[in-house]
Structures are given as structure tokens and as C-alpha cells.
Amino acid sequence: IIEIYPGDRKNTHADIAMAIHTLVTAHYNAFGVEPRVLLVNHKDQSISTGSQVQAFWATLTRHHPGLAELAGVALDPWHLHAATRKEFAWSLQQIPPDALKAFHIHTNLRPPSLTDEVPWQEVFSLVRDLPGRVCIKPAVYQESRVAEAIAFCEGMLATPKMEYAGPPAA
């Protein structure tokens, strides 16, 4: 897997598609295998919101369907939240599920917590509902805190426990 960032506002969808094509070609020529290339959303870059991810994915699948089979999105929910705030849920729903191949899980590069502003329950509900297998990258820079981030992800992916509602009504 190769991850790329969209860059500044001057990069068009065509520029990003060309970058993906160049990486796939170079990797194939060097190693004999086509890599998966994932675009990561970022709050200060040209693709930061769900509608921008949706527009990019629509362009890629419409104009470069063969390339889209080798590409996808590595969603960074913390950056999506930083870019959208109160519109997070709506923005998350704009992202085509077939684009989602990976997730960067962190809170400003620290282990996440359920007390964060990011609605992690919503994020992991989406992860659990996606068809196929996705990659989850705990994006934590302190080696001593990686285990904490992994434990958070494992806990969020565990089957939700149902609460006992009491005996059936008679």
C-alpha cells in the first residue's frame, strides 16, 4: 500500500490521478506487482471533506475506472472532523463506501479516546459495516503509546454488547 496526500489547493483531481498512475507504473516496473494507492484526506489540503472525497472518487471512477480498481481512500477521521466540525456526520455520509480501503485512527497523532470530539462510535460503526476488509492504521507517533491506540481500535471493533432490556412483557 502506498499512501499519498492531496497537497495544496492547486492540485486538481487530474493531477492526483496522474500521481496515482505514475506510482502504480513505477512500482510495477520495479517490483512486478501493482500496488494499492490510497489518498488520505487532510484538513489543510485540497481534499479535506466528505464531499471533496466524493467528487474525487466520482472523477476517478468515471474517467479512470481501471486505475480506481487499484486506488482508494485512507480516511483520517480526525482530519475530517477538524475540517468539518458540526458537519462531521453529514460529511462522513458523503464518502462512497467503495472508496474506503483504510482508516488512520488518532487524535492529533495521539491515541484516541471516547471523550474526544471525534464521534468514534460513528466511525467504527461505518468500519464494521463496510464490505470486505479494510486496513486500520493507528497513526500515533510515540512508540510507547501505540499499544494504547491498538487497544482502542480493537475495543471499538469488538461486537457491540447489547443491554439487557428486562424480561418480556407478560
Side-chain angles (χ1 to χ4, degrees), residues 1-7 11-84 88-109 111-112 118-141 146 149-150 152-159:
I1 295 175
I2 298 172
E3 293 184 347
I4 62 172
Y5 287 80
N11 286 329
T12 65
H13 295 162
D15 294 332
I16 297 167
M18 179 59 74
I20 293 170
H21 174 68
T22 301
L23 287 167
V24 168
T25 302
H27 193 278
Y28 182 80
N29 289 341
F31 304 108
V33 65
E34 295 173 320
R36 180 170 296 273
V37 180
L38 304 179
L39 178 71
V40 184
N41 63 299
H42 195 280
K43 68 181 175 103
D44 323 349
Q45 297 187 14
S46 64
I47 298 180
S48 59
T49 67
S51 59
Q52 290 168 337
V53 170
Q54 180 187 48
F56 166 73
W57 191 249
T59 299
L60 191 66
T61 55
R62 185 178 321 115
H63 298 293
H64 308 283
L67 197 54
E69 292 177 17
L70 300 170
V73 172
L75 182 68
D76 190 316
W78 186 84
H79 278 283
L80 182 66
H81 185 269
T84 61
F88 178 85
W90 180 84
S91 194
L92 186 62
Q93 292 173 1
Q94 302 307 302
I95 301 170
D98 62 322
L100 293 170
K101 307 298 181 201
F103 290 81
H104 287 194
I105 304 297
H106 66 96
T107 297
N108 202 15
L109 304 176
V118 176
W120 291 113
Q121 298 282 6
E122 218 171 304
V123 171
F124 279 90
S125 177
L126 171 65
V127 171
R128 281 191 301 275
D129 290 344
L130 288 172
R133 189 173 176 173
V134 297
C135 295
I136 295 179
K137 176 182 177 182
V140 176
Y141 280 7
V146 170
I150 291 171
F152 176 82
C153 294
E154 288 174 339
M156 295 300 294
L157 288 170
T159 304

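- Residues C135 and I1 approach most closely at SG-CD1, 3.6 Å, considering heavy atoms.
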Return all side-chain donor-acceptor pairs below 3.5 angstrom for residues 71-78, not counting sequence neighbours, or 'none' if the list is empty.
from	atom 1	to	atom 2	distance (Å)
D76	OD1	W78	N	3.2
D76	OD1	H79	N	3.1
D76	OD1	H106	NE2	3.0
D76	OD2	H106	NE2	2.8

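- I136 contributes atom CD1, which lies 9.5 Å from atom CD of E154 (distance to the nearest 0.5 angstrom).
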Would you sort out whether W90 and T84 count as a side chain to side chain contact (heavy atoms under 4.5 Å, CB included), showing the intermediate values? CA-CA 9 Å; W90 180 84; T84 61; over 6 Å; no
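- The minimum heavy-atom distance between P6 and V40, with the atom names listed, is CD-O, 3.0 Å.
- Contact check for I47 versus I16: side-chain heavy atoms found under the 4.5 Å cut-off.
- Within the 4.5 Å cutoff, no side-chain heavy atoms of P35 are placed close to those of V33.
- Residues L67 and A17 approach most closely at CD2-O, 3.4 Å, considering heavy atoms.
- Using a 4.5 Å heavy-atom cutoff, the side chains of F152 and P111 are not in contact.
- Surrounding CD of Q121 are at most 12 heavy atoms belonging to other residues, nucleotides or ligands under 6.0 Å away.
- Between L130 and F103 there is a side-chain heavy-atom pair separated by less than 4.5 Å.
- The NE2 atom of H104 sits 3.0 Å away from atom CD of E3, with the distance rounded to the nearest 0.5 Å.
- Remark: N29 CG to E34 CD distance equals 10.5 Å, nearest 0.5 Å.
- Considering OG1 of T59 and CD of Q54, their distance stands at 10.0 Å, rounded to 0.5 Å.
- Of all non-hydrogen atoms in S48 and L80, the two that sit nearest each other are O-CD1, 3.5 Å.
- Nearest heavy atoms, S51 versus S91: N-OG, 4.3 Å.
- Residues L70 and I20 fail the side-chain proximity criterion, which asks for heavy atoms closer than 4.5 Å.
- Note: L92 CG to E122 CD = 6.0 Å, rounded to the nearest 0.5 Å.
- One finds the NE2 atom of H42 at 6.5 Å from the OH atom of Y5 (value rounded to the nearest 0.5 Å).
- In E69, the CD atom is not crowded: 12 or fewer heavy atoms of neighbouring residues, nucleotides or ligands sit closer than 6.0 Å.
- Side-chain atoms of Q45 do not come within 3.5 Å of backbone N or O of N41 as any donor-acceptor pair.
- When every heavy atom of V118 is checked against every heavy atom of H81, the shortest pair comes out as CG2-CB, 3.8 Å.
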For W57 and D98: C-alpha separation, side-chain torsions, deciding distance, then whether side chain to side chain contact (heavy atoms under 4.5 Å, CB included) applies. CA-CA 9 Å; W57 191 249; D98 62 322; 3.3 Å; yes
